[in-house]
Amino acid sequence: MSVNITLLVVMGALFAIGIYLLLERSLTRVLLGIILLANGANVLLLSTGGLAGKAPLYNDNIPASEYSDPLPQALILTSIVISFAVTAFMLGLIYRSWLLARRDEVQDDAEDRRVAAQSSFDEEDDAEVPTETTEFTSPEESEERPGSTKVRDTQYTDSEDIR
């Protein structure tokens, strides 16, 4: 199987531009980045399919090496459906954002800025944990403590002893 260098260059360009657009604050550019990434994934799957061959229908006269692999074709169709769903969802987000704020950019929230300005020390997460965290005492400690009762280990074999 030979690799087509043109498909690899196109795939790399689609991935690079798609990732660049995903890092933008405009939702429209994010949508375009998602579309380009999906198309780059489709080209990647297309290049893994190998050379074009005969339809993957079984026939006794055709050797197996001349068939085309149907798995990349199925994966490309799945990728198209998923990218269509994500595109429709993003279009809904863009439309709702435009209706509410008349802008397409994702703005920083005041709460996000307040959290970013906080120190990184969290008293609950960063406090020292004591080495012994159990509330239960060992059997040796329970014998030494005043007022503690020692539990006897007895096994009942007869019904008379249970009463």
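Model, not experiment: these values are computed from the prediction. Below, all heavy atoms of this structure are taken into account, side chains as well, without hydrogens, waters or symmetry copies. Residues take their numbers from the sequence shown, with the count starting at 1.
Separation of atoms CE (Met11) and CG (Asn39) is listed at 13.0 Å; rounding is to 0.5 Å. In this structure, CZ on Arg29 lies 13.0 Å from CG on Leu31, to the nearest 0.5 angstrom. The CG atom of Leu32 sits 8.5 Å away from the OG atom of Ser26 when rounded to the nearest 0.5 Å.
Of the possible polar contacts, one joining the Asp104 side chain to the Thr28 backbone as a donor-acceptor pair under 3.5 Å is found.
Residues Leu93 and Leu37 share a hydrophobic cluster, clusters being chains of Ile/Leu/Val/Met/Phe/Trp/Tyr side chains in contact below 4.5 Å. Cluster membership for Leu77 and Val43, using ILVMFWY side-chain heavy atoms within less than 4.5 angstrom, is not shared. The hydrophobic clustering, which links ILVMFWY residues whose side-chain heavy atoms are closer than 4.5 Å, places Leu7 and Val10 together.
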Listing, residues 81-92 side-chain donor-acceptor contacts under 3.5 Å, not counting sequence neighbours, or none:
unit_1, atom_1, unit_2, atom_2, d
Ser83, OG, Ser79, O, 3.1
Ser83, OG, Ile80, O, 2.9
Thr87, OG1, Ser83, O, 2.6

For residues 13-20, dump all side-chain donor-acceptor pairs below 3.5 Å to protein atoms at least two apart in sequence or in another chain.
none

Next item on the list: For Val115 and Glu111, run side-chain contact (heavy atoms from CB on, under 4.5 Å): C-alpha distance rounded to whole Å, both residues' side-chain angles, the deciding distance at 0.1 Å, then the answer.
Entry: CA-CA 6 Å; Val115 169; Glu111 183 68 16; 3.9 Å; yes
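With sequence neighbours left out, Arg96 forms a side-chain contact (heavy atoms from CB on, under 4.5 Å) with Leu100.
Results of the side chain to side chain contact (heavy atoms under 4.5 Å, CB included) test with Ile76 over Thr48, Leu71, Leu46 single out Leu46 as the only residue that passes.
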